[in-house]
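Take a look at the structure below.
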Amino acid sequence: MPELSYREAVRDALSRAMRDDEDVFIMGEDIAEMGGSMGVTQGLVDEFGPERVRNTPISEMALAGAAIGAAMQGMRPVAEIMYEDFLTLAAEQIVNQAAKHRYMSGGQVTVPVTFRTQGGAGWSPGAQHAQQLESWFVHIPGLKVVFPSTPTDARGLLWSSIYDDNPVVFFEHRTLYGIKEEVGDELEPIPLGQARTHRQGEDVTVIATGRLVHEALAAAKEAEEEGISVEVVDPRTLLPLDEDALISSVKKTNRCVVAHEAVVRGGFGAEVAAVVQYGAFDWLDAPIERVGAKFSPLPFAPVMEDFVVPHANDVLEAIHRTVSRT
Amino acid sequence: MAKVEQKGTLSKSDLREFFREMLLIRRFEEKVEERFRAGELPGFLHVAIGQEAVAVGVCRALVEGDIIASTHRAHGHTLAKGTTPNELMAELYGKLEGCSHGYGGSMHLYDIERGNIGANAVVGGGLPAIVGAALTFKLRCYPRVGVAFFGDGATNIGTFHEALNLAQLWQVPAVFVCENNHWAESTPSWQHMPIEDISQRAVAYGMKAVKVDGQDVEAVYKATRRALEHARGGKGPVFLAVNTYRLVGHYIGDPQVYRSKQELEETRATQDPIEHLRTKLELSGDEVEEIDREVQEIVDASVEFAKNGTDPKPEDALKNVYA
Ligand SMILES: Cc1ncc(C[n+]2csc(CCOP(=O)(O)OP(=O)(O)O)c2C)c(N)n1
Ligand SMILES: [Mg+2]
C-alpha cells in the first residue's frame, strides 16, 4: 500500500479525476509552475497542460465566479483559493451565486464546483493569512463544507466533492500537509456526510475537526494514562453533518467536548453542541465543553499566537473539566 | 532619517542622501534574509531588493502629513516613511518595541504617527482606505495626500478598479503608485494581464497616468513631486506606473522555479537601482565603503535592539481587539 502525505493525497485525487474525466479542470493563483503556494498542484501542469491547470490573475471573485459558470455548463472545476482568508473576496460568488442558483432556478441547474482552500495558524504569518473560516460557510443553505484531517480522508472526500452536484467548499489545514498515512492503491470515495471515529472510548466524546483531530488524539492518549477513556470523532463533512454518529457517540459516553482551531464564539462547535444537546439531552452528564481559538485576530508574535490557538493540552483540560462534573 | 528639503531639483548631496537610504534599506533587508534563514525570525517575509528607488523616491517627495498604505512587501516603504530600523527590526522579532508592537509582523507594519496607515497582506487591501483618507483630507481642506503602494498583480483585483474609479469620481488627493516588477509571485505579467501598458488601466477611469523608471530614484522623486502637486492642488488623483524589478524571490526562501537563473542574473546585473545611482554620482569605492559601513552599523544595531526587546506576554494577545 502506498504512503501518501495529506498534500499528495489531495494531488492524487485531483490528478485521478483529471485523468479520468475531461470535465475536471483546476484553476487558481500560481497553481501551474509553482504548484500553488503549498505545492499541492506541483507537476500537474506538466501532465495536463496549461489549459486544464490554469494560472489565474489575483482575482478571487472572478476566478470563483468563472468556476461557477463553467460548472453550470457541465464542467467540474476545482478552484483553488490560495489562503482561506481570501475566501472573503470570493464570498459573494460562493454565497450569493453558487449556493443559490439551483434554488433560484427552481431546480433547473446544478453547480458542481469545488472550492479548495487552506488555512491554519502556527507559523506566525499574522492576522490575514491563517484564519479558520469554515463556520461562515456552514451557515449557507446550498453549500456543502468538507474539512478532512488525514490523507485518506482528504483523497476520498475530495473525489466525492468533485463529483457532488453541489458547490463544495473544501478546507485543507496547512499544518497537516506533511502528515503521512498508508492509503489503498485504489481511490475509495468517501461519501459526504459521514463522520469517522478515530478512537473508541467510554467516558468522553471529543468531536474535533482539522488539526484539532490530531490534538484530540494526543489528549486522548494522555487522558488514557489517567484512566479516562476518550472517544474521538471527526465529522469530516461539516455540512451535511452526520448528526446520528455524533449523537450516538455521546449517548454512549455521556460527556462531550467539541474542538476546532477556529475562534470558539460562533464557531462550528456551537452548531455541534446544539445538535448534541438536543439529540442526547437526557444522556448528558455535564455541559458540553468547547475548545477553540480565543477571541482575537491572530497575533504575529509567536508567544501570543501560541496562546490564542488551541493545543492538545486545551483539549485535555476540557476533558478534565467535563469528567469532574458530577 | 534626515529630511531632504522639498524642492524640484536635487543637488548632489540630496542624491547622496538618497543613496545612503537606499543602501540602508538594502542592507536591512539582506540582514532580514540572513536572520530568517538562521531561524531567528518567525512568519512570512517578502523583501523588495531591487525596488529601493521606488520607496525612497516616493517617500522623499512626501511632506509631513502625507500618508501611505503599503503591501506585503513593506520594509522599504516603512523605513523610507520614517520608521526607524530599530522599530522595524523589533517588529520582525515580534517585540513590544516594534512599530506594530508585535501584533502585526512583516506584512502588517503600521506607524500611524509617521503616516503609515498599514501594510497589507491582502493584495489590493489598502487601496480603498487611501481613497477614504484622501476624501477626508479633501472634506477638511487639509493640504495632504494619500499614497497607495501596490504591485502589478494587484491591478487585477476588484478593489484596485473600484478604488481608482471612486478616487477619480470624487477627485480626491491620492497618488496610486503601481510598482510593476513584472511578476505576481510565480506569474509573469503577460500571463496575468492582456495589456502591456499598465497605465491604460488608470486611463480607463479618466485618471492622469504617468510612466516612471523605477530604477532611477531621481526620476521617481520628480514624478512623485509632480503627482503630489497635482493631487494637492485639487486636480484629482494620479496614477504612477513605475517600472521596476524584483531581484530576489517572491518571499524569502522562494526557489523561483518559475524563472531562469540566467534571466535573474541578467536582471540583477543591469537593473540594480543602487548601482545605477552609484554610477550617476560617480562615487568612489572608498566613499561607498564608508556609507556602507555606516548603514551596516545601523542595521547591526537594530538587530541588537530587537533581540534585547521585550516579548509580549501571551495574554497581551487579547488586548487591542476593541478600542
Ligand atoms: C487577495 C490576495 N490574493 C492572493 C494573495 C497571495 N499573494 C501575495 S503577494 C501575491 C502577488 C502580488 O503581486 P504584485 O501585486 O505584483 O506584488 P509583488 O509581490 O510583485 O510585489 C499574491 C498572489 C494575497 N496576499 N491576497
Ligand atoms: Mg509584481
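Small disclaimer: the values here were computed from a predicted structure and weren't measured. Chain naming here is simple, since letters A, B, ... match the order of the sequence lines and numbering starts at 1 in each.
Of the two parts of B/E91, the backbone and the side chain both hold a non-hydrogen atom closer than 4.5 Å to a non-hydrogen atom of chain A. Contact annotation for B/N320: neither backbone nor side-chain heavy atoms come within less than 4.5 Å of a heavy atom of chain A. For B/L92, the part lying under 4.5 angstrom from a heavy atom of chain A is the backbone only. Looking at A/Y83, only its side chain comes within 4.5 Å of chain B, counting heavy atoms on both sides. Contacts of B/F160 with chain A are absent, with no heavy-atom separation under 4.5 Å from either backbone or side chain. Of the atoms belonging to B/K313, it is backbone heavy atoms, and not side-chain ones, that fall under 4.5 Å from chain A.
Side-chain polar atoms of A/D30 and B/T187 form a donor-acceptor pair below 3.5 angstrom.
Atom CZ of A/R265 is surrounded by 12 or fewer heavy atoms from other residues, nucleotides or ligands within 6.0 Å. More than 12 heavy-atom neighbours from other residues, nucleotides or ligands sit within 6.0 angstrom of CD on B/E263.
Considering only heavy atoms from C-beta on, A/L89 comes within 4.5 Å of B/V122 through its side chain. Residues B/E315 and A/F307 are in side-chain contact: their nearest non-hydrogen atoms beyond the backbone lie under 4.5 Å apart.
To the nearest 0.5 Å, atom CG of residue B/L41 and atom OG of residue A/S124 are 11.0 Å apart. Taking CZ from A/F300 and NE2 from B/H101, the interatomic distance works out to 14.0 Å, rounded to the nearest 0.5 Å. Of the inter-residue distances, the one linking B/M193 atom CE with A/S59 atom OG reads 12.0 Å to the nearest 0.5 angstrom.
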>> I'd like to know whether A/E29 forms a side-chain contact (heavy atoms from CB on, under 4.5 Å) with B/E185, so could you lay out the CA-CA distance, the side-chain angles of the two residues, the decisive distance to 0.1 Å, and finally the verdict.
In response: CA-CA 9 Å; A/E29 291 157 20; B/E185 295 210 8; over 6 Å; no
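In terms of heavy atoms, B/A317 sits closest to A/M304 at N-SD, 3.4 Å. The minimum heavy-atom distance between B/I157 and A/E60, with the atom names listed, is CD1-OE1, 3.3 Å. The minimum heavy-atom distance linking A/P297 with B/V321 is given by the pair CD-CG2, 4.0 Å.
Here A/I58 is the residue among A/N55, A/D306, A/I58 with the most heavy-atom pairs under 4.5 Å with chain B. Note on A/E33, A/M34, A/M61, A/Q128: by heavy-atom pairs under 4.5 Å with chain B, the leading option is A/Q128. Taking B/L96, B/V257, B/L318 one by one and counting their heavy-atom pairs under 4.5 Å with chain A, the maximum is reached by B/L318.
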